[in-house]
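Since the structure comes first, as structure tokens, the remarks are kept for the end.
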Amino acid sequence: MTSDQHAALQRAQRQSQVVAALKAVLPAHAVLYTPEDTTPYECDGLTAYRQRPLAVALPETEAQVQAVLKACHALEIPVVARGAGTGLSGGAMPH
């Protein structure tokens, strides 16, 4: 297995963990994880740098926001808050 294949396998496994944790606290429609759903979130207005997120959570209530943050903290997953994605600083780019 090449290093690229190994990295892709690790990403897929990590994504599965994150998606399962998010689906446990959010409705199914509020968890995006397929490439076609997460690609719009890979950058903000600064398109020179791109990184597709493992998942996108779209909480609708304060309680859901808290649950998402707790789930991500438990998995040691960084959370990048995002507004409209129009900024030009790269601040909404996932790690």
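Worth knowing before you read on, the calculation uses all heavy atoms, side chains too, and leaves out hydrogens, waters and symmetry mates.
The shortest non-hydrogen separation linking Leu58 to Leu26 is N-CD1, 4.3 Å. Here the shortest heavy-atom pairing between Cys43 and Arg50 reads SG-NH1, 3.5 Å.
Between the CZ atom of Arg52 and the OH atom of Tyr41 there is a distance of 14.0 Å, given to the nearest 0.5 Å. The structure places OH of Tyr49 at 14.5 Å from CD of Glu42, a figure rounded to the nearest 0.5 Å. One finds the CG atom of Leu22 at 11.0 Å from the OH atom of Tyr33 (value rounded to the nearest 0.5 Å). One finds the OG1 atom of Thr38 at 7.0 Å from the CD atom of Gln15 (value rounded to the nearest 0.5 Å).
For Gln66, the side chain to side chain contact (heavy atoms under 4.5 Å, CB included) partners are Glu62, not counting sequence neighbours. In terms of the side chain to side chain contact (heavy atoms under 4.5 Å, CB included) criterion, residue partners of Gln17 (sequence neighbours excluded) are, by chain and number, Arg14. In this view, Pro27 and His29, Ala30, Gln64 satisfy the side chain to side chain contact (heavy atoms under 4.5 Å, CB included) rule, not counting sequence neighbours.
In this structure the side chain of Val25 never reaches within 4.5 angstrom of the side chain of Lys70, judged on heavy atoms.
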_Stepwise side chain to side chain contact (heavy atoms under 4.5 Å, CB included) check, Val79 with Leu69_ = CA-CA 7 Å; Val79 174; Leu69 292 175; 3.9 Å; yes
